[in-house]
Number of protein chains: 2
Amino acid sequence: MAGPTVTEDYLKAIWNAREWSDDPVTNSVLASRLGLSPSSVSELVRKLADRGLVTHARYGSVELTDEGRRVALATVRKHRLVETFLVDYLGYDWADVHDEAEVLEHAVSDTFIERLAEKLGHPTHDPHGDPIPTAAGDLPTVAQVPLAQVDEGAVVTVARVSDDDPDLLRHLREVGIDIGTTVTLAARRPAAGVVELTAGDQAVALGLPAAETILTEVAQP
Amino acid sequence: MAGPTVTEDYLKAIWNAREWSDDPVTNSVLASRLGLSPSSVSELVRKLADRGLVTHARYGSVELTDEGRRVALATVRKHRLVETFLVDYLGYDWADVHDEAEVLEHAVSDTFIERLAEKLGHPTHDPHGDPIPTAAGDLPTVAQVPLAQVDEGAVVTVARVSDDDPDLLRHLREVGIDIGTTVTLAARRPAAGVVELTAGDQAVALGLPAAETILTEVAQP
DNA sequence: CTATAGTTTTCGGCATGCCGAACTTCCCAG
DNA sequence: CTGGGAAGTTCGGCATGCCGAAAACTATAG
């Protein structure tokens, strides 16, 4: 059997694409997410379909099969538990864990990851607020709203930040925004492509693309 | 640059071959250690030589260059620190860590391994008694004698056991032999291919090949 | 000084996974 | 309905790393 690294990367990319948007996942979407050419993706998706991990309508979209989703979620679980370990145990900054976890997720065994989960106290979320699938493949879903779409004047809690932009993560750390931080949406300025908020006593402006990757929940009273 | 996994495996195999014997390392020795065909090894050793990591006399033996040794020792350091982590933190049995470490050694970054070393308290030896090279590439050398060559009646301390035979490691655990255990060499029976010893109050017989992979030091008085 | 047995290298071939170029297919504008 | 441009696929080619078979080399016995 083939080395599973590539397989896991593709399945995870398909799953991640679906997690952040409901648009159908085409081969070119996948290609841009994976940083590969469309022709490469086309070929490998066909192989994944042959192995029963995805379905693929020619010239259409790619969907995970049950088995494909199982593999994808297992990989996501490994990724997020490793990120949690890097921050909680090894003291990494949350901006620096993504690339390391991207490699380690393919290298750790199931035994390793279950023992690690145990030692970490079976965390339900990683340092960026991403939910960690259980070993059985369950994933809690919570209603969350991108910061870019929060109403003016609303008070919300930051629940989740995409882990793949280290510069944004570092910036958020610098302005005091973390998971669980309560922020008030001071103003939306779509014309300027900016939302303004206050975190504690600090005023912060964020561009819309960044504000789209920050998910919030209604603040606890 | 090529994916480093194969490179690291070859360099580590060359280094390991030298650690346990002074015989010259030929391509066929390497092939059998790596579980590959001699032709594959011949080809890859040539590439390593082109990259300046080894020297290779045609039809002769392979030697690490300074740079090759640096890479090999860095990989050995990762392997042994990972094994220590698996036993000390994740609670693995010492028989089960080798294969997992064999994969992880290629996946962890330098940053990861230095933070891990710090958290583990900069251990000098892994769970099998193998010395851990420092980040600078230094390795303490201690006079050790294979159990197979200890004199009858001598009292010695088990200092080191090869990590690549899980069945032997499990057996040793069962008969109460660990790193630091004091044993007495009761009898050598070369004709039978066996050495007999007592560990605590238990009598243990070991075959010569196994006894050759167990290194001992003179027992502390 | 050979003959030859054993070791090492070379050679052709295979599998994986990637790419760019050329070719299909889709689908909407007109 | 049809013409094109965009999206997707196929094709030939490349790099890595592996193998078995055949050729080349070494070293030892006679």
Side-chain angles (χ1 to χ4, degrees), chain A residues 1-14 17-18 21-64 68 71-72 75 99 102-103 105-107, chain B residues 1-14 16-18 21-64 68 71-72 75 102-103 105-107:
Chain A
M1 165 138 18
T5 299
V6 170
T7 299
E8 289 170 2
D9 274 336
Y10 275 72
L11 296 176
K12 187 165 67 93
I14 295 164
R18 276 314 185 99
S21 113
D22 287 331
D23 298 342
V25 180
T26 64
N27 280 350
S28 8
V29 168
L30 264 187
S32 91
R33 290 187 87 94
L34 289 164
L36 299 173
S37 75
S39 58
S40 303
V41 173
S42 188
E43 177 184 353
L44 218 115
V45 164
R46 186 167 42 70
K47 291 182 183 174
L48 294 178
D50 290 346
R51 291 165 57 189
L53 295 166
V54 303
T55 59
H56 181 216
R58 260 173 72 93
Y59 297 97
S61 73
V62 182
E63 310 274 356
L64 294 172
V71 175
T75 308
D99 291 353
E102 204 68 23
V103 177
E105 67 188 7
H106 306 298
Chain B
M1 164 148 7
T5 299
V6 170
T7 300
E8 290 170 2
D9 274 336
Y10 275 72
L11 296 177
K12 188 165 67 95
I14 295 165
N16 279 338
R18 276 315 184 99
S21 112
D22 288 331
D23 298 341
V25 180
T26 64
N27 280 350
S28 12
V29 167
L30 264 187
S32 91
R33 289 186 88 95
L34 289 164
L36 299 173
S37 75
S39 58
S40 303
V41 173
S42 187
E43 177 183 353
L44 217 116
V45 164
R46 185 167 42 71
K47 290 181 183 172
L48 294 178
D50 290 346
R51 291 166 57 190
L53 295 166
V54 303
T55 59
H56 180 215
R58 261 173 72 92
Y59 295 96
S61 72
V62 182
E63 310 274 356
L64 294 172
V71 174
T75 308
E102 203 68 23
V103 177
E105 67 189 7
H106 305 299

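Just so you know, these numbers come straight off a predicted model, no measurement behind them. The chains referred to below are lettered A, B, ... by the order of the sequence lines, with proteins before strands, and numbering in each begins at 1. What's counted below: heavy atoms across the whole structure, side chains too, no hydrogens, waters or symmetry copies.
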Below 3.5 Å is the cut-off: list the nitrogen or oxygen pairs between protein and nucleotides 23-29 of chain D, distance only.
{"residue": "dC25(D)", "atom": "O4'", "partner": "Y59(B)", "partner atom": "OH", "Å": "3.4"}

Are the side chains of [Y] and [X] in contact, using a 4.5 Å heavy-atom criterion?
{"X": "T7(B)", "Y": "R51(B)", "value": "yes"}
{"X": "L44(B)", "Y": "L48(B)", "value": "yes"}
{"X": "H56(A)", "Y": "N27(A)", "value": "yes"}
{"X": "L53(A)", "Y": "L11(A)", "value": "yes"}

Write down the distance between [atom1] ([X]) and [atom2] ([N]), rounded to a whole number of angstrom.
{"X": "L30(A)", "N": "dA7(D)", "atom1": "CG", "atom2": "P", "answer": "15 Å"}
{"X": "R51(B)", "N": "dA15(D)", "atom1": "CZ", "atom2": "P", "answer": "16 Å"}
{"X": "D9(A)", "N": "dG17(C)", "atom1": "CG", "atom2": "C1'", "answer": "12 Å"}
{"X": "E8(A)", "N": "dG17(C)", "atom1": "CD", "atom2": "C1'", "answer": "16 Å"}
{"X": "D50(B)", "N": "dA15(D)", "atom1": "CG", "atom2": "C1'", "answer": "15 Å"}
{"X": "L34(A)", "N": "dC19(C)", "atom1": "CG", "atom2": "P", "answer": "10 Å"}

| said: Give me the atom names and distance for the closest heavy-atom approach of E63(A) to S61(A). | reply: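 Shortest heavy-atom contact: OE2-OG, 3.5 Å.
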| If you round to the nearest 0.5 Å, how far is CG of D9(B) from CG of N16(B)? |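 So the gap between those two atoms works out to 10.5 Å.
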| With no hydrogens and no angle check, is any side-chain donor or acceptor of S21(B) less than 3.5 Å from a backbone partner on R18(B)? |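 No, because the side chain of S21(B) does not come within donor-acceptor range (under 3.5 Å) of the backbone of R18(B).
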| message | With the threshold set at under 4.0 Å for non-hydrogen atoms, list the residues of residues 39-47 of chain A touching DNA chain C in residue-number order. | response |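 DNA chain C contact set from residues 39-47 of chain A: S39(A), S40(A), E43(A), L44(A).
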| Mind checking what makes side-chain contact (heavy atoms from CB on, under 4.5 Å) contact with T75(B), not counting sequence neighbours? |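 side-chain contact (heavy atoms from CB on, under 4.5 Å) list for T75(B), sorted by chain: E8(B), K12(B), V71(B), E105(B), H106(B).
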| said: Does dT9(C) have its OP1 or OP2 closer than 4.0 Å to a side-chain nitrogen or oxygen of N27(B)? | reply: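 Yes.
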